2 protein chains.
Amino acid sequence: MPATLDQVARAAGVSRATAARVFSGNPRVSEEARRAVESAAMQLGYVPNGAARSLAGRRSDSVGVVVPEPGSILFLDQLMPRLLRGIGEELSANGLQMVLFAPQSTADLQRLEQYLAGGHVDAVLLLALHESDSLPTRLQARGIPTVFGGRPRPGLDVSFVDVDNHAGGRTATEHLIELGRRRIAHIAGPAHVPGAQERLDGFREAMWKAALRADFVEHGTLDRDGGELAMGRLLAMAGEIDAVFAASDAMAAGAMWALQVLGRRVPDDVAVIGFDDSPLAAATQPPLSSVRQPIEDMGREMARLVLSLSAVRGQSSRQMVLGPELSVRESTVMVR
Amino acid sequence: MPATLDQVARAAGVSRATAARVFSGNPRVSEEARRAVESAAMQLGYVPNGAARSLAGRRSDSVGVVVPEPGSILFLDQLMPRLLRGIGEELSANGLQMVLFAPQSTADLQRLEQYLAGGHVDAVLLLALHESDSLPTRLQARGIPTVFGGRPRPGLDVSFVDVDNHAGGRTATEHLIELGRRRIAHIAGPAHVPGAQERLDGFREAMWKAALRADFVEHGTLDRDGGELAMGRLLAMAGEIDAVFAASDAMAAGAMWALQVLGRRVPDDVAVIGFDDSPLAAATQPPLSSVRQPIEDMGREMARLVLSLSAVRGQSSRQMVLGPELSVRESTVMVR
DNA sequence: CCGCGCGATGGAAGCGGTTTCACCAATGCC
DNA sequence: GGCATTGGTGAAACCGCTTCCATCGCGCGG
């Protein structure tokens, strides 16, 4: 029922080949023919058939993105939308369609593998590993360019782009130290979340270098309540503390709240810094300093990387780590 | 480079037609031939080419889902993942691949329209309308089965599945009234969010029917802070209040916090009920009563509906509204 | 013993594009 | 003015799979 290229060509009085050239942006078409084809297409409401296109052209002009389950650190602090925006923008700019997949079961994963291997996409971006996932390996084997978002488990020879969580944790901590704070606590994320672990390591490194105690550490659930509870435990355990670095803005907000309820002034008594520089950070009272990870850039770089991998096949894997940036607000201003 | 059906057939010593029958689940194949084909396929690592499949078979065995920008009510209280789970499960069960799209700009929307109209998907699920979106109309015109999640703007003759926000608001309010509460406040969502508006209407209807004042209403930003602030304004405005119904669990949590800080006991002095029955509701102190919308069911029904629309073409549009359910916890127990 | 129905099979015609190749007219050059 | 270019064009060969249709072998009832 939908119009075909053949019909358009006939209506325009040219051959199918010429009509095809018009739609594939081939410049070797006379202005006259081009106009005829375009108006015929408009008239008939022609839309090229994607299946036929990919079959004949051996490419689909689309890139698959496999997103993780919610609960991943990417969903905290609104990271996911920013990442997808970065990816989407870069792909769009290259005329490619971003296609998302959210597999939920093992069966889904299997079907997805078939789908991705079946030529529906030209390349794949993997946003987080479902544990012991065979997907990346299988895709590699099929020669489908693949790039990870975030560091995959070590030992895999794959391309990835990551933000530097370690440097982020270090930077946040150093900022507090430069402020003159000495009894600095850290509210870490769950131990099994890789990014959170690296932030903790960054904290430890900075404290170690400054010869400060690095054992005021509590783990929280990454959300506001987690921060509130962890703060309570920290105060009970460590007594007076003059700064807190939380592994997420939500936890920092919770911690700040707990401090204020107990009569501590922020930043006068206790400086607080969060992580991710989410919208939340600007909305707290006082506004929260935070570490801004270039997540949009990460998305853009992932897209660029996978595009370059698809352009020239047989390339070796490439890695990239993007540095963080401090976003200083009232919660860590110098007051003494 | 990847193996083709032809190679598999040759390796198995059968014709391409027979090999094809094996993969399309056609039962008219001898056990012997089937085994030969399957082992040959395994050997060669054969995966059917999706493009060729859809071209020849005139269907893609996949369904597109267009998700809205974050900020939509669907992203609040973890609604989105639940909805996608429902859709995904039902599609999976029917052997279909769920394919997500997150257009961000007008240009994206245009490319997406081409993509969807180009036969890449058999049907489309639209999760929220970007205002004045021509997408649904264009898809309808192309004969692509389309179903909305949530009620589209009135006047459109389209199929949709929605949860009953009005009934939800009414149910929550009636619950509070049955508890014997009389001065009941409502923390509503932003006025421009359709679902939130309906919840407010439900609140008003229930109060009206019970001949109670329905003007203790404040709007909030749907998140915890919004609830906290709105609660403050309500107490300042209305003085003593014995129950609060908030349009989201996050706002209810914020409100409950504000009440407790000011020395009110929940539920003894003030009963609090939220909306959406999110994970958050079970985690507050005391646990929060809430209105559970059958979001997974909504997803499943959307999938079912669009499948039935694709099965028989030329069907008229169909609508469906799913009723809410009360989830009673400690924040609204009877204490007098 | 023969024709019939039936399940299994292979041949072949598409599905709707892309792309190579040959061709032709018009142009530029010596 | 002859000849090599060059830009625009169309014919036709695929791309890899589905599916219709004809064929074939076989067990069966008449």
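These numbers were taken from a predicted model, which means no experiment stands behind them. A note on names: the letters A, B, ... follow the listed sequences, proteins ahead of strands, and every chain is numbered from 1.
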Please check this pair: side chain of A:S39 against backbone of A:V37, looking for a donor-acceptor N/O pair closer than 3.5 Å. no
Is any side-chain heavy atom of A:V163 less than 4.5 Å from a side-chain heavy atom of A:V321? no
So A:T18 and A:V29, do their side chains get closer than 4.5 Å, heavy atoms only? yes
Side-chain touch A:V47/A:P2, heavy atoms, less than 4.5 angstrom: no
What's the angle between the local helix axes at either end of the helix from C:dC1-D:dG30 to C:dC30-D:dG1, using five pairs per end and rounding to 10 degrees? 40°
Distance in Å, A:S15 OG paired with A:R10 CZ, rounded so as to fall on 0.5 Å steps: 11.5 Å
Can you check nucleotides 5-7 of chain D for protein contacts, nitrogen or oxygen pairs under 3.5 Å, and list what you find?
none

Donor + acceptor pair across side chains of B:R318, B:S308 (<3.5 Å): yes
Pair A:R59 + A:D122: basic N to acidic O under 4.0 Å: no
Scoring nucleotides 12-22 of chain D by protein non-hydrogen atoms under 4.0 Å (B base, S sugar-phosphate only, - none) yields -B-BBBBBB--
For a 4.5 angstrom cut-off between non-hydrogen side-chain atoms, does A:R34 reach A:E38? yes
Spell out, as yes or no, whether a donor-acceptor pair under 3.5 Å connects the side chain of B:E90 to the backbone of B:I87. no
Check for a donor-acceptor pair, side chain of A:S60 on one end and backbone N or O of A:H120 on the other, with a separation under 3.5 Å. yes
